[in-house]
Amino acid sequence: MAIFAIVGATGVVGTKMIERLAESELKVDKLYLMASARSAGKKIKFRDIEIEVEELNENSFDKDIDYALFSAGGSTSLEFAPIAEKNGVIVIDNSSAWRMDPEIDLIVPECNKPTLQRKIIANPNCSTIQSVVPLRPLHDAFGLSHITYTTYQAVSGSGKGGIDDLLNGQEGIEPKKYPHPIYNNVLPHIDVFLENGYTKEEMKMVNETKKILSLDDSVGISATCVRVPVLNSHSVEIDVEFKKETTVEEIREVLKNAPGVILVDNVQENEYPMPINATGIDEVLVGRIRRDISRPNGFHIWCVADNIRKGAASNAVQIAEMIEASK
């Protein structure tokens with residue numbers, strides 16, 4: 001039995017964490033729900049009971065809590081995760097605050113395991129998660145030489161504000177979350193622009209991929225991240241080069257047996273991964289696998305996943321499941 005807390009319990013990801021934890025086989029002895037003062041007092045159902053949301057404060061982790069799943073933003077994580085850690089809590093944090101700290105594990109359960117050098121574990125960026133799930137077994141089989149990502153990211157990745165901008169945009173209402181309308185539009189802009197011309201989101205994918213897969217600087221990685229007018233589930237085009245020679249058939253065979261992957265690759269019947277098929281499941285859908293006709297040993301792979309489930313909530317719960325299973 002374990003005692004859990006969810007921080008940011010009333011947000012888009014937080015509510016999905018509650019749902020995903022309820023679906024899991026984890027034996028949850030007690031669950032605390034924490035959020036800001038404005039959400040305190042709300043009641044949310046978990047399994048067969050209603051739980052009242054309490055205000056997060058510096059005394060919230062004085063209780064006997066085993067795991068705290070954080071999804072309340074980077075500043076909240078930086079302030080409260082060390083407090084929880086000091087009280088013996090294993091923190092699984094969905095923000096970007098701790099991801100590149102060398103002492104902090106950055107974990108995708110299909111790809112790597114936590115060392116628990118510290119009791120704070122970082123959940124990677126949603127697009128990174130779905131990309132490394134198929135890349136891990138391919139790297140093990142053929143060795144990665146170069147990766148170029150192009151993402152097509154749903155508005156739910158921006159929380160309620162992004163969803164509202166898309167839905168309200170259909171009525172001609174000006175956007176509040178994005179700098180331009182997202183309805184009937186595409187924005188080659190996610191997060192802030194950096195001095196190198198890339199966005200912070202793009203550099204997250206570059207740096208997090210290297211850390212999760214333990215890649216050295218000989219493996220070149222680049223990314224272009226794009227917001228598209230889709231409600232949920234991100235799509236990523238992975239342009240990859242391998243060190244070993246391989247074939248489309250061998251790649252498919254590896255992915256057929258890869259944990260967390262569903263192969264959907266029958267273009268003759270118009271079967272390929274799409275957001276409407278990925279929404280609501282934890283697996284990463286992979287397809288449109290083809291050889292790059294412009295260079296040797298280059299391939300293109302299309303992957304789609306539910307960014308709120310696998311890209312956030314489910315990955316966090318799976319980390320807790322992995323730790324519990326190892327006891």
Polar side-chain atom of Thr128 near backbone of Pro124 as donor-acceptor pair, under 3.5 Å: no
May I ask you to check whether over 12 heavy atoms, not counting those of Asp217, lie within 6.0 Å of atom CG? no
Test item: Glu237 side-chain N/O and Tyr149 main-chain N/O as donor-acceptor pair under 3.5 Å: no
So does Ser60 get a backbone contact from the side chain of Lys63, meaning a donor-acceptor N/O pair under 3.5 Å? yes
Determine whether more than 12 heavy atoms belonging to other residues, nucleotides or ligands lie under 6.0 Å from atom CD of Glu245. no
Go through the structure and list residues passing ring pair (Phe, Tyr, Trp, His ring centres under 6.0 Å) with Phe242, not counting sequence neighbours. Phe142, Phe299
If the test is side-chain hydrogen bond (donor to acceptor under 3.5 Å, both in side chains), which one of Thr224, Thr151, Asn125 qualifies with Glu201? Asn125
If only atom types and distance count, is the side chain of Glu85 paired as donor or acceptor with the main-chain N or O of Arg118 below 3.5 Å? no
Would you say Ser326's side chain and Ile323's backbone share a donor-acceptor pair under 3.5 angstrom? yes
Does a side-chain N-to-carboxylate-O contact under 4.0 Å join Glu50 and Lys45? no
Quick check against the 3.5 Å criterion: does Asn315 have a side-chain atom that pairs as donor or acceptor with the backbone of Ile107? yes
Heavy atoms of other groups near Ile293 CD1, more than 12 under 6.0 Å: no
Within-4.5 Å side-chain heavy-atom neighbours: Asn123 and Ile319: yes
Taking the six-membered ring of Tyr198 as reference, does the NZ or CZ atom of Lys200 fall below 6.0 Å from its centre and within a 45° cone about the axis? no
cation_pi(Lys86, Phe61) dist<6.0 Å, angle<=45: no
Does a salt bridge link Arg295 with Glu241, judged by any charged N lying under 4.0 Å from a carboxylate O? yes
Sidechain-backbone polar pair: Asn168 side chain, Ile173 backbone, donor-acceptor under 3.5 Å: no
Checking Glu250 against Thr246: is there a side-chain donor and acceptor pair closer than 3.5 Å? yes
Any ring pair (Phe, Tyr, Trp, His ring centres under 6.0 Å) involving residues 89-131? Give me the pairs, sequence neighbours left out, ordered by first then second residue. none
Would you please say whether a donor-acceptor pair under 3.5 Å links the side chains of Ser156 and Asn307? yes
Taking Thr199 for the side chain and Glu202 for the main chain, is one N or O donor matched with an acceptor at less than 3.5 Å? yes
Counting neighbours of CD on Gln170 that are heavy atoms of other residues, nucleotides or ligands and sit closer than 6.0 Å, is the number greater than 12? yes
Please check this pair: side chain of Asp165 against backbone of Lys176, looking for a donor-acceptor N/O pair closer than 3.5 Å. yes
For Lys210, I'd like to know if atom NZ has over 12 heavy atoms of other residues, nucleotides or ligands within 6.0 Å. yes
Under a 4.5 Å side-chain heavy-atom rule over Ile, Leu, Val, Met, Phe, Trp and Tyr, are Val228 and Leu167 clustered together? no
For the residue pair Asp306 / Thr279, report whether a side-chain donor-acceptor contact shorter than 3.5 Å exists. no
Side chains of Trp302 and Ser235: does their closest heavy-atom pair fall under 4.5 Å? yes
Among Asp93, Asn94, Val7, whose side-chain contact (heavy atoms from CB on, under 4.5 Å) with Ser71 holds? Asn94
Is it the case that Arg252 and Thr247 place a side-chain donor and acceptor less than 3.5 Å from each other? no
Electrostatic pair Glu19:Arg47 at N-O distance under 4.0 angstrom: no
Arg288, CZ: over 12 other non-hydrogen atoms inside 6.0 angstrom: no
Check against side chain to side chain contact (heavy atoms under 4.5 Å, CB included), Glu23 and Arg309: CA-CA 12 Å; Glu23 292 173 9; Arg309 278 189 68 102; 3.1 Å; yes
Indicate yes or no: does Glu208 engage Lys211 in a salt bridge with an N to O separation below 4.0 Å. no
Is it true that Arg20 and Asp282 make a salt bridge, defined as a side-chain N closer than 4.0 Å to a carboxylate O? yes
Side-chain (His300) to main-chain (Arg290) donor-acceptor, under 3.5 angstrom: no
